[in-house]
**Student:** 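Submitted below is the structure of interest, expressed as structure tokens.
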Protein chains: 2
Amino acid sequence: MISEAEAVVMEVLWRNAPRSAEEILAEVGQAQQWQEGTVKSLLNRLLKKKAVKAERDGRRYLYSPLLAREKYVHQTSKSLLDRLFEGRVAPLVAHFSEQRKLSKKDIAELRQLLEELDDEQP
Amino acid sequence: MISEAEAVVMEVLWRNAPRSAEEILAEVGQAQQWQEGTVKSLLNRLLKKKAVKAERDGRRYLYSPLLAREKYVHQTSKSLLDRLFEGRVAPLVAHFSEQRKLSKKDIAELRQLLEELDDEQP
DNA sequence: AATCATCGATTACGTATGTAAACGGAACGC
DNA sequence: GCGTTCCGTTTACATACGTAATCGATGATT
């Protein structure tokens with residue numbers, strides 16, 4: 001599986017690819033306080049894990065995701081649900097509800113979602 | 001923070017505490033294929049992290065959680081929501097909905113939850 | 001052509017994690 | 001009392017991770 005620091009790089013590539021190491025650094029350097037070498041290492045590990053691919057562009061490489069964000073999000077979320085909420089979504093929502101951590105926006109969106117589910121094939 | 005293997009031990013203690021190392025092993029040994037030493041190490045790391053406490057009981061110790069499951073669940077879930085869903089619950093539910101990964105039971109419980117929210121102080 | 005600048009690749013290193021084995025002291029059985 | 005058993009404590013070791021520095025090749029400069 002792909003680590004947290006690696007996921008930061010992936011997020012950049014998911015937003016916009018292909019990108020060079022330099023461009024990636026430019027986008028995360030501020031927030032992460034990373035050096036060039038750090039990004040290079042992470043990219044190499046991601047290559048080894050087949051999570052990104054690299055295509056030559058003159059003297060450098062441009063990187064693109066191979067792993068889809070959807071897939072990563074799903075794996076990661078499912079793993080958490082399995083470990084903490086018997087693998088289901090509702091108990092997680094219940095947890096945040098009990099902790100009063102559902103925003104108005106959350107609640108509105110959840111209502112909307114459930115309504116849409118009503119409208120689907122019976 | 002507390003690791004995944006450590007969390008397995010915590011789950012045992014959350015279900016029922018205080019427990020001895022031996023009892024913990026008895027409960028997880030099957031599923032995890034762990035040796036005695038593994039459980040001992042994990043317990044020591046948890047002690048160091050102040051996630052459990054130990055009280056002497058004759059020749060051995062009985063361990064109990066110091067970290068509440070609620071707190072652990074919240075930290076872990078919030079971290080995931082922050083990293084993948086802009087910190088909110090609804091987008092996670094939407095993701096599982098799109099992937100057709102909401103069970104009947106999930107949907108029923110979500111409806112129930114939202115109804116209960118209606119009934120609360122205005 | 002010799003030199004310099006730029007990249008990726010290789011190597012480094014401390015900490016965390018998973019998984020144990022070894023050690024050492026106290027309690028128990030004789 | 002003395003060996004044996006039972007625990008916890010200490011030590012071990014491979015892999016992963018975060019974070020870089022360094023090396024080496026390739027292309028640009030003069």
Side-chain angles (χ1 to χ4, degrees), chain A residues 1-13 17-64 66-67 72 75-76 79-80 82-83, chain B residues 1-13 17-64 66-67 72 75-76 79-80 82-83:
Chain A
M1 194 34 45
I2 162 183
S3 85
E4 223 161 296
E6 288 160 5
V8 170
V9 171
M10 292 303 292
E11 289 288 354
V12 174
L13 292 176
R19 306 287 209 101
S20 68
E22 190 187 13
E23 290 168 328
I24 294 169
L25 177 63
E27 193 158 322
V28 300
Q30 235 48 38
Q32 306 293 137
Q33 286 296 117
W34 280 345
Q35 302 304 116
E36 185 89 25
T38 304
V39 173
K40 304 264 181 81
S41 283
L42 293 172
L43 282 169
N44 273 314
R45 289 178 187 170
L46 288 168
L47 280 170
K48 212 158 285 167
K49 295 180 183 184
K50 309 274 191 196
V52 307
K53 71 175 199 282
E55 45 172 337
R56 187 130 237 151
D57 171 50
R59 44 160 63 259
R60 63 191 187 164
Y61 282 108
L62 298 180
Y63 301 88
S64 308
L66 282 180
L67 173 64
Y72 170 70
Q75 283 172 354
T76 310
S79 156
L80 178 120
D82 286 346
R83 284 180 292 115
Chain B
M1 194 31 45
I2 162 183
S3 85
E4 222 162 298
E6 288 159 3
V8 170
V9 171
M10 291 304 292
E11 289 288 355
V12 174
L13 293 177
R19 305 288 210 102
S20 67
E22 190 187 12
E23 290 168 328
I24 295 169
L25 177 63
E27 193 158 322
V28 301
Q30 235 48 39
Q32 306 293 135
Q33 286 295 116
W34 279 346
Q35 301 306 115
E36 184 89 26
T38 304
V39 173
K40 306 261 182 82
S41 284
L42 293 173
L43 281 169
N44 274 314
R45 288 177 188 171
L46 288 168
L47 280 170
K48 212 157 285 167
K49 294 180 184 184
K50 308 275 190 194
V52 308
K53 71 175 198 284
E55 43 172 340
R56 187 130 236 153
D57 170 50
R59 45 158 67 259
R60 63 192 186 166
Y61 281 109
L62 298 181
Y63 301 88
S64 308
L66 282 181
L67 173 64
Y72 170 69
Q75 283 172 354
T76 310
S79 157
L80 178 117
D82 286 345
R83 285 180 291 117

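Order of the sequence lines fixes the chain letters, A, B, ..., with proteins taken first and strands second; residue numbering starts at 1 for each chain. What you see is a predicted model, and the numbers here were worked out from it, not measured in a lab.
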**Student:** At under 4.0 Å, does any side-chain N or O of A:Trp34 touch on OP1 or OP2 of D:dT19?
**Tutor:** yes
**Student:** Walk along DNA chain C from 5' to 3' and tell me the first and last nucleotide with an atom closer than 4.0 Å to a non-hydrogen atom of chain B.
**Tutor:** C:dT17 to C:dC28
**Student:** Looking at B:Glu55, I want to see if its CD is surrounded by more than 12 non-hydrogen atoms of other residues, nucleotides or ligands under 6.0 Å.
**Tutor:**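 Counting neighbours around CD of B:Glu55, more than 12 heavy atoms of other residues, nucleotides or ligands fall under 6.0 Å, so yes.
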**Student:** Starting at the 5' end of DNA chain C and moving along, which residue's nearest nucleotide shows up first, B:Gly58 or A:Tyr63?
**Tutor:** A:Tyr63
**Student:** Please classify the nucleic acid contact of A:Arg59 as base, sugar-phosphate, or nothing, using heavy-atom distances under 4.0 Å.
**Tutor:**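 Base, at least one base heavy atom under 4.0 Å.
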**Student:** Quick one: B:Leu42 CG to D:dT9 C1', roughly how many Å, whole number?
**Tutor:**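 B:Leu42 atom CG is separated from D:dT9 atom C1' by 15 Å.
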**Student:** Got B:Tyr61 and B:Leu47 here, is their nearest side-chain heavy-atom distance under 4.5 Å?
**Tutor:** no
**Student:** Considering non-hydrogen atoms only, spot the tightest contact between A:Ala21 and A:Val39 and give its length.
**Tutor:**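 Smallest interatomic distance, heavy atoms only, reads O-CG1, 3.9 Å.
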**Student:** Using side-chain heavy atoms (C-beta onward) and a distance below 4.5 Å, is B:Leu43 in contact with B:Lys40?
**Tutor:** no
**Student:** Quick one: are A:Val9 and A:Val28 in side-chain contact, heavy atoms under 4.5 Å?
**Tutor:**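 The answer is no; the side chains never approach within 4.5 Å.
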**Student:** So which atom in B:Pro18 and which in B:Ser64 form the shortest heavy-atom distance, rounded to 0.1 Å?
**Tutor:** CB-OG, 3.3 Å
**Student:** Base, sugar-phosphate, or nothing for A:Gln33, non-hydrogen atoms under 4.0 angstrom?
**Tutor:** sugar-phosphate
**Student:** Show the nearest heavy-atom pair for residues A:Ala51 and A:Met10, with the distance to one decimal.
**Tutor:** O-CE, 3.4 Å
**Student:** Identify each atom pair where a protein N or O and an N or O of nucleotides 10-17 of chain D are less than 3.5 Å apart, giving names and distance.
**Tutor:**
from: D:dC17; atom 1: OP2; to: A:Lys49; atom 2: NZ; distance (Å): 3.0

**Student:** Atom CG of A:Leu25 to atom C1' of D:dA20: distance rounded to whole Å?
**Tutor:**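 Those two atoms, CG and C1', are 13 Å apart.
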**Student:** For residues B:Tyr63 and B:Ala17, report the shortest heavy-atom separation together with the two atoms involved.
**Tutor:** O-CB, 4.0 Å
